[in-house]
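Please read the structure below before turning to the comments.
Throughout, protein chains are lettered first and strands after them, A, B, ... in sequence-line order, and every chain is numbered starting at 1.
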Protein chains: 2
Amino acid sequence: MPNNQFKKGELYSFITGKASIAIARRLQKKFNASGLQLTIEQWSVLYHLWKDDGKSQQDLCNATFRDKPSITRLVDNLEKLELVKRVPSEADRRINKIYLTQQALKLQEQTMAMAEETLNEALEGVPPEHVDLCKEVLQQVYDNLK
Amino acid sequence: MPNNQFKKGELYSFITGKASIAIARRLQKKFNASGLQLTIEQWSVLYHLWKDDGKSQQDLCNATFRDKPSITRLVDNLEKLELVKRVPSEADRRINKIYLTQQALKLQEQTMAMAEETLNEALEGVPPEHVDLCKEVLQQVYDNLK
DNA sequence: GGCATACGGTTGTTTAAACAACCATTCCAA
DNA sequence: TTGGAATGGTTGTTTAAACAACCGTATGCC
């Protein structure tokens with residue numbers, strides 16, 4: 001017998017992830033309000049490159065939890081915006097390494113500040129220990145299903 | 001000073017909602033494996049109609065946290081699948097009331113069972129009281145931002 | 001060396017989301 | 001009562017996700 005039974009009224013909200021959608025929308029609005037022509041999905045790719053530039057597209061698939069075609073097209077669009085450049089790997093010619101442009105490096109500080117601000121607004125009034133526990137639950141869910 | 005400060009490494013996972021994406025993908029796979037030609041988004045509309053048939057499109061917008069064009073197109077596709085019918089309201093001719101077909105009523109039991117199964121898989125090993133607290137946090141986040 | 005297999009990436013197609021612009025109906029207030 | 005605002009819904013456009021099919025390169029085994 002499973003250890004968690006659901007009342008039907010609770011079921012839906014867990015599947016749809018309204019909270020993370022709301023966070024993403026809020027962050028997108030901040031980008032738009034600042035005149036940044038950047039989608040959250042594009043930002044999420046830059047985010048991982050700021051941490052570790054020169055990742056392959058496959059690395060970005062793993063990091064962002066997206067499939068290969070999704071990353072191909074996100075990189076396409078980021079290249080059009082001149083925020084990243086595909087550089088074929090010398091060692092393995094199948095691989096594209098993705099590098100940030102100067103323009104993209106300049107966006108890091110501003111957009112990360114907006115992301116932190118958004119999270120602070122989202123978690124207003126939530127005790128930090130509850131946040132930690134919530135993160136653990138969501139991580140466990142992810143691990144259970146991936 | 002905000003009551004929650006984020007280390008950068010933790011920030012991304014909260015924004016992307018990997019857990020709910022993983023849940024939705026798992027449920028979609030169950031639909032596909034059962035031969036159901038039904039997307040999660042379409043299912044989410046049916047879900048609210050099973051609870052309360054004859055909702056307007058605007059009601060569905062509020063219930064599903066989607067905008068009007070999204071619901072227009074979801075209802076378009078559900079009508080093509082002959083799972084719902086638009087019925088213009090007698091009282092207010094701007095309004096379409098959306099009614100389930102017999103075919104859609106038959107899907108309820110099967111798909112709700114799959115949804116509950118998916119959630120039980122997702123929350124395997126998570127103490128019920130942690131689930132409750134997690135739901136509260138996510139609800140608070142949603143309320144903070146909506 | 002040669003061939004099957006795996007891997008990294010791209011392309012095509014369908015579905016959906018966000019946003020702006022639009023139309024018809026209804027409501028309200030001067 | 002009529003003209004403007006609000007409401008419910010649709011359409012157009014861009015971006016993205018999922019899935020299948022595909023191509024070129026690398027790997028490993030005989």
Side-chain angles (χ1 to χ4, degrees), chain A residues 16-18 20-33 36-45 54-81 83-84 86-98, chain B residues 16-18 20-33 36-45 54-81 83-84 86-98:
Chain A
T16 48
K18 281 193 200 182
S20 55
I21 293 171
I23 292 173
R25 283 185 193 165
R26 174 69 63 99
L27 180 54
Q28 181 72 66
K29 283 208 169 72
K30 284 186 201 288
F31 285 178
N32 297 343
L36 293 176
Q37 301 294 329
L38 191 65
T39 68
I40 295 300
E41 292 80 7
Q42 290 164 359
W43 174 81
S44 77
V45 171
K55 279 184 154 72
S56 72
Q57 295 189 198
Q58 188 60 54
D59 292 337
L60 289 171
C61 291
N62 300 332
T64 62
F65 198 42
R66 291 182 173 86
D67 70 355
K68 291 188 295 171
S70 298
I71 292 298
T72 292
R73 276 135 185 169
L74 280 173
V75 172
D76 285 347
N77 285 334
L78 286 168
E79 250 189 340
K80 275 183 216 149
L81 294 168
L83 292 172
V84 305
R86 282 181 171 93
V87 178
S89 163
E90 301 274 320
D92 184 340
R93 288 160 56 209
R94 294 172 302 182
I95 295 176
N96 288 332
K97 301 209 162 205
I98 311 301
Chain B
T16 49
K18 282 192 199 182
S20 56
I21 294 172
I23 291 172
R25 284 186 192 164
R26 174 70 62 99
L27 180 54
Q28 182 71 66
K29 285 207 167 74
K30 284 185 201 291
F31 286 178
N32 297 343
L36 294 177
Q37 301 294 329
L38 191 67
T39 68
I40 296 300
E41 292 81 7
Q42 291 165 357
W43 175 82
S44 78
V45 171
K55 280 185 152 72
S56 72
Q57 296 188 197
Q58 188 59 55
D59 292 337
L60 289 171
C61 291
N62 300 333
T64 62
F65 198 42
R66 290 182 173 86
D67 70 355
K68 293 188 292 171
S70 297
I71 291 298
T72 292
R73 276 135 184 169
L74 280 173
V75 172
D76 285 348
N77 286 333
L78 285 168
E79 250 188 342
K80 276 184 216 148
L81 293 169
L83 293 172
V84 304
R86 280 180 172 92
V87 179
S89 164
E90 301 274 320
D92 184 339
R93 288 159 55 210
R94 292 171 303 182
I95 293 176
N96 288 332
K97 300 210 164 205
I98 311 300

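- Take Q42(A) and apply the side-chain hydrogen bond (donor to acceptor under 3.5 Å, both in side chains) test, not counting sequence neighbours, and it matches no residue.
- Identified under the salt bridge (Lys or Arg N to Asp or Glu O under 4.0 Å) test for residues 61-76 of chain B, with sequence neighbours left out: D76(B)-R86(B).
- Two residues, P69(A) and K29(A), neighbour DNA chain C, and the one matched to the more 5' nucleotide by heavy-atom proximity is P69(A).
- Along DNA chain D, the stretch of nucleotides lying under 4.0 Å from any heavy atom of chain A spans, 5' to 3', dT15(D) to dA26(D).
- A residue-by-residue look at I71(B) and I95(A) shows that I95(A) has its nearest nucleotide of DNA chain C further toward the 5' end.
- Taking the side-chain contact (heavy atoms from CB on, under 4.5 Å) definition, one finds that K30(A) meets it with R26(A), M114(A), E117(A), T118(A), E121(A), sequence neighbours left out.
- Here the side chains of T16(A) and T64(B) are not in contact, with every heavy-atom distance at 4.5 Å or above.
- Residues of residues 56-66 of chain A having a heavy atom closer than 4.0 Å to DNA chain C, listed by number: S56(A), Q57(A), Q58(A).
- With values rounded to the nearest 0.5 angstrom, N32(A) atom CG is found 9.5 Å from L27(A) atom CG.
- Residues K18(A) and F65(B) approach most closely at O-CE2, 3.8 Å, considering heavy atoms.
- The only member of V45(A), L38(A), T39(A) that meets side chain to side chain contact (heavy atoms under 4.5 Å, CB included) when paired with E41(A) is T39(A).
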Given the rule in the side-chain contact (heavy atoms from CB on, under 4.5 Å) test, do W43(B) and L36(B) qualify, once you have shown the distances and angles that lead to the verdict?
-> CA-CA 11 Å; W43(B) 175 82; L36(B) 294 177; over 6 Å; no
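- Remark: S56(B) engages D59(B) in a side-chain hydrogen bond (donor to acceptor under 3.5 Å, both in side chains) (not counting sequence neighbours).
- Every residue two or more places apart in sequence or in another chain that forms a side-chain contact (heavy atoms from CB on, under 4.5 Å) with R94(A) is listed here: D92(A).
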Protein-nucleotides 23-26 of chain C N/O pairs under 3.5 Å:
unit_1, atom_1, unit_2, atom_2, d
dT25(C), OP1, R93(B), NH2, 3.2
dT25(C), O2, R94(B), NH1, 3.4
dT26(C), OP1, R93(B), N, 2.9

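- Nucleic acid contact for T39(A): sugar-phosphate only, since backbone atoms but no base atoms lie under 4.0 Å from a heavy atom of the residue.
- If you check every strand for non-hydrogen atoms under 4.0 Å, Q28(A) touches nothing.
- Residues satisfying the side-chain hydrogen bond (donor to acceptor under 3.5 Å, both in side chains) criterion with N62(B), sequence neighbours excluded, are absent altogether.
- Nearest-nucleotide assignment on DNA chain D puts the 5′-proximal partner with N96(B), out of N77(A) and N96(B).
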